[in-house]
Colleague: 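Sharing a structure below in structure tokens format, with a few things to ask.
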Amino acid sequence: GENVEQHPSTLSVQEGDSAVIKCTYSDSASNYFPWYKQELGKRPQLIIDIRSNVGEKKDQRIAVTLNKTAKHFSLHITETQPEDSAVYFCAASWGGGNKLTFGTGTQLKVEL
Amino acid sequence: KAGVTQTPRYLIKTRGQQVTLSCSPISGHRSVSWYQQTPGQGLQFLFEYFSETQRNKGNFPGRFSGRQFSNSRSEMNVSTLELGDSALYLCASSLGDSSTDTQYFGPGTRLTVL
């Protein structure tokens, strides 16, 4: 099966700085890589995703890059704001159907 | 469109009991996946149902089972509950046509086993 590693486990940045979270995956057949944001007591919310035929995708302050050769993908948040504080999970979809293997999460704290 | 809903939101059970959780997907979505979230193990895939059939299964014991109805609503059942089954159980719905379909999560059911 798939294995997804995520780093760092915690990340503290100053408001306005950039934040980068990195993930690696093991199954070269994985073709879909979503990122979810989960605030305390809330459901995971999709913030951005990328499919294997694309190397980079951007949505306002959030971007994701994918390197299929190295089997890693990264989340970039620019101009961070206090409301960006949450746990972020990367995931990979492998095999047929809709099943995701998740990374262990990154607790992002944006300090004023 | 209404989002994914789950009932009940909270449950307290004792060891040995069984429990049934329900998930109603977004209208038009035919795939429902279930995940267990715990502080120690993170988010783990339980199983996926598509068109009333189990399409994928994670590495959980047979005490965990599920089903899907013709309207795509899904239930999962846990029998002979153990303390370690205490977790947030999340379901996610997607169109189900492709492995790259976006999955939308419900609010979860918080299960506490005493």
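Just so we're clear, the structure is a prediction, and the values are computed from it rather than from any experiment. We name chains A, B, ... by the order of the sequence lines, and we start the count at 1 in each one.
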Colleague: Other than A:V20, what residues sit in its cluster of Ile, Leu, Val, Met, Phe, Trp and Tyr side chains whose heavy atoms are under 4.5 Å apart, directly or through others?
Modeller: none
Colleague: Quick one: ring-ring contact (aromatic ring centres under 6.0 Å, His included) partners of B:F60, sequence neighbours excluded?
Modeller: B:F64
Colleague: With clusters defined by side-chain heavy atoms of hydrophobic residues (ILVMFWY) lying less than 4.5 Å apart, directly or transitively, does B:V19 cluster with B:L46?
Modeller: yes
Colleague: Surrounding CG of B:L83 (heavy atoms of other residues, nucleotides or ligands, distance under 6.0 Å), is the total greater than 12?
Modeller: yes
Colleague: Can A:I62 and A:L75 be said to form a side chain to side chain contact (heavy atoms under 4.5 Å, CB included), step by step?
Modeller: CA-CA 7 Å; A:I62 295 174; A:L75 177 71; 3.6 Å; yes
Colleague: Sort A:L46 into side chain, backbone, both or neither according to what part of it lies under 4.5 angstrom from a heavy atom of chain B.
Modeller: side chain
Colleague: Does any backbone or side-chain atom of B:L90 lie under 4.5 Å from a heavy atom of chain A? Answer side chain, backbone, both or neither.
Modeller: side chain
Colleague: Under 4.5 Å side-chain heavy-atom separation, chaining through any Ile, Leu, Val, Met, Phe, Trp or Tyr, what else clusters with B:L114? Say none if it is isolated.
Modeller: B:I12
Colleague: Give me a line-by-line list of donor-acceptor atom pairs from chain B to chain A that are under 3.5 Å apart, or tell me none exist.
Modeller:
unit_1: B:V4; atom_1: O; unit_2: A:R43; atom_2: NH1; d: 3.4
unit_1: B:S33; atom_1: OG; unit_2: A:N98; atom_2: O; d: 2.7
unit_1: B:Y35; atom_1: OH; unit_2: A:L100; atom_2: N; d: 3.0
unit_1: B:Q37; atom_1: OE1; unit_2: A:Q38; atom_2: NE2; d: 3.1
unit_1: B:Q37; atom_1: NE2; unit_2: A:Q38; atom_2: OE1; d: 2.8
unit_1: B:E48; atom_1: OE1; unit_2: A:N98; atom_2: N; d: 3.1
unit_1: B:E48; atom_1: OE2; unit_2: A:N98; atom_2: N; d: 3.2
unit_1: B:R55; atom_1: NH2; unit_2: A:N98; atom_2: OD1; d: 2.9
unit_1: B:N56; atom_1: OD1; unit_2: A:K99; atom_2: NZ; d: 3.1
unit_1: B:N56; atom_1: ND2; unit_2: A:G96; atom_2: O; d: 2.9
unit_1: B:S94; atom_1: OG; unit_2: A:N98; atom_2: OD1; d: 3.4
unit_1: B:S98; atom_1: O; unit_2: A:N98; atom_2: ND2; d: 2.8
unit_1: B:S99; atom_1: O; unit_2: A:S93; atom_2: OG; d: 2.9
unit_1: B:S99; atom_1: OG; unit_2: A:N31; atom_2: OD1; d: 3.4
unit_1: B:S99; atom_1: OG; unit_2: A:N31; atom_2: ND2; d: 3.2
unit_1: B:T100; atom_1: O; unit_2: A:R51; atom_2: NE; d: 3.2
unit_1: B:T100; atom_1: O; unit_2: A:R51; atom_2: NH2; d: 2.6
unit_1: B:T102; atom_1: OG1; unit_2: A:Y32; atom_2: OH; d: 3.4
unit_1: B:T102; atom_1: OG1; unit_2: A:D49; atom_2: OD2; d: 3.3
unit_1: B:Q103; atom_1: O; unit_2: A:Y36; atom_2: OH; d: 2.6
unit_1: B:Q103; atom_1: NE2; unit_2: A:N98; atom_2: O; d: 3.3
unit_1: B:F105; atom_1: O; unit_2: A:R43; atom_2: NH1; d: 3.0

Colleague: Measuring heavy-atom distances to chain B, does A:P44 have an atom under 4.5 Å in its side chain, in its backbone, in both, or in neither?
Modeller: both
Colleague: Got a salt bridge between B:D85 and B:R63, using NZ or NE/NH1/NH2 to carboxylate O under 4.0 Å?
Modeller: yes
